[in-house]
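The structure appears right after this line, and notes come after that.
All values below were derived from every heavy atom in this structure, side-chain atoms included, with hydrogens, water molecules and symmetry-related copies excluded.
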Amino acid sequence: MPALAGLLPDGRVRPGTAVSAGGDMPLLLALAADAVTSGPGRTGPVGWAAIGLPSLGPLAAADAGLDLGAGMWVDAPGRQWPQVLHAVLEAVPVVMTGPLTPVPDRVRRRLAAALRRSGAVLLAAEGWDGAQVRLRVTAATWEGVGTGEGLLRGRRVRVTADGRGAAGRVRQAELWLPGPDGTVSLAAPSSLPTGLAAPAAAPGPAAAPGSRAPVRRTGPLRAVG
């Protein structure tokens with residue numbers, strides 16, 4: 001995805017590495033959509049999974065560009081989430097995770113080894129110890145609303161990236177996330193306000209990906225397709 005290329009080493013999420021999205025759901029989905037299409041030799045649907053992200057709905061995933069027929073949700077992995085994540089990393093190329101409870105360093109080392117061995121991509125909604133790249137939205141504003149009237153057209157954000165090794169240099173980019181057409185794209189430089197605007201899941205026709213009404217489910221694991 002050209003919009004994210006300048007923020008990532010080699011212009012993409014490297015296989016076998018972890019990236020954190022700083023708590024921004026539209027950014028997490030954009031990373032996942034990029035990861036399922038940018039891997040070497042990938043053709044056709046690429047498997048992906050969402051672990052511990054019960055607020056992520058099928059419509060938001062599809063709008064972001066993810067193939068629902070290749071997706072899996074584990075909404076509530078519970079106390080055994082390290083074992084669940086380990087198994088999914090061995091089988092699914094792109095894995096998103098929500099906030100998960102802390103675990104000992106030895107468990108994280110085992111997960112990191114599984115990630116490297118499988119060549120999967122781990123995308124953490126919030127922080128992740130050992131993430132090679134850390135992205136975060138450092139400024140955001142919704143456009144399209146006048147003085148008490150109008151419709152939300154798009155969200156302009158400034159994304160800051162840093163990390164380890166090749167990702168150690170701090171980088172920034174201004175993006176439409178999402179833009180007026182619902183896609184993620186580079187935005188012309190502007191004077192964004194300091195700090196963050198309202199949460200990404202703003203109401204209105206152009207609400208950010210990731211917002212949805214609660215869905216009643218019968219179990220913690222569901223697959224689409």
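Between V36 and D67 the shortest side-chain heavy-atom distance does not fall below 4.5 Å. Between V74 and W81, every side-chain heavy-atom pair lies at or beyond the 4.5 Å cut-off. The closest side-chain heavy-atom distance from P178 to D63 is not below 4.5 Å. Side-chain contact check for L29 versus L56: some heavy-atom pair is nearer than 4.5 Å. Side-chain contact between V170 and T160 is present, with heavy atoms from C-beta onward closer than 4.5 Å. Within the 4.5 Å cutoff, the side chain of L4 has heavy atoms near those of the L175 side chain. Contact of the P82 side chain with the R110 side chain is not registered, since no non-hydrogen atoms from C-beta on lie closer than 4.5 Å. In this structure the side chain of W128 reaches within 4.5 angstrom of the side chain of L111, judged on heavy atoms.
Of the inter-residue distances, the one linking Q132 atom CD with L8 atom CG reads 12.0 Å to the nearest 0.5 angstrom. Considering CZ of R117 and CG of L89, their distance stands at 9.5 Å, rounded to 0.5 Å. Summarising the geometry, atom CG belonging to L7 is positioned 15.5 Å from atom CZ belonging to R12; distances are rounded to the nearest 0.5 Å. The CG atom of L53 sits 8.5 Å away from atom CG of D75, with the distance rounded to the nearest 0.5 Å. The OG1 atom of T138 sits 9.0 Å away from atom CD of E174, with the distance rounded to the nearest 0.5 Å. Put simply, NE2 on H86 and CG on L115 are 10.5 Å apart, with the number rounded to the nearest 0.5 Å.
Of the possible polar contacts, one joining the R155 side chain to the L177 backbone as a donor-acceptor pair under 3.5 Å is found. Between the side chain of R164 and the backbone N or O of G130 there is at least one donor-acceptor pair closer than 3.5 Å.
When the side chains of ILVMFWY residues are joined at heavy-atom separations under 4.5 Å, either directly or via intervening members, V88 and V103 end up in a single hydrophobic cluster. At a threshold of 4.5 Å between side-chain heavy atoms, the hydrophobic network of Ile, Leu, Val, Met, Phe, Trp and Tyr places L68 and M25 in one connected group. If you chain together hydrophobic residues whose side chains sit under 4.5 Å apart, M96 and V137 fall into the same group. Grouping the Ile, Leu, Val, Met, Phe, Trp and Tyr side chains by contacts below 4.5 angstrom, directly or via other members, places V107 with V95. Cluster membership for V19 and V46, using ILVMFWY side-chain heavy atoms within less than 4.5 angstrom, is shared.
None of V159, V157, D162 except one satisfies the side-chain contact (heavy atoms from CB on, under 4.5 Å) rule with R136; the exception is D162.
Minimum heavy-atom separation, A30 to V184: CB-CG2, 4.0 Å. The two residues L123 and V121 have their closest heavy-atom pair at CD2-CG1, 3.6 Å. G98 approaches A125 most closely through the heavy-atom pair CA-CB, 4.1 Å. Of all heavy-atom pairs between G52 and P99, the closest is O-CD, 4.2 Å. Between G47 and P93, the closest heavy-atom pair is O-CD, 3.2 Å. Shown here for V94 and A35, the closest heavy-atom pair between the two residues is CG2-CB, 3.8 Å.
When the shell of 6.0 Å around CG of D105 is examined, it contains 12 or fewer heavy atoms from other residues, nucleotides or ligands.
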Open item on the list: Before you tell me yes or no, could you show the steps for R14 and V133 under side chain to side chain contact (heavy atoms under 4.5 Å, CB included), namely the whole-Å CA-CA distance, both residues' side-chain angles and the distance that decides it to 0.1 Å?
Closed with: CA-CA 10 Å; R14 292 175 174 174; V133 183; over 6 Å; no
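Annotation: cation-pi geometry not satisfied between R156 and W142 (NZ/CZ under 6.0 angstrom from ring centroid, within 45° of ring axis).
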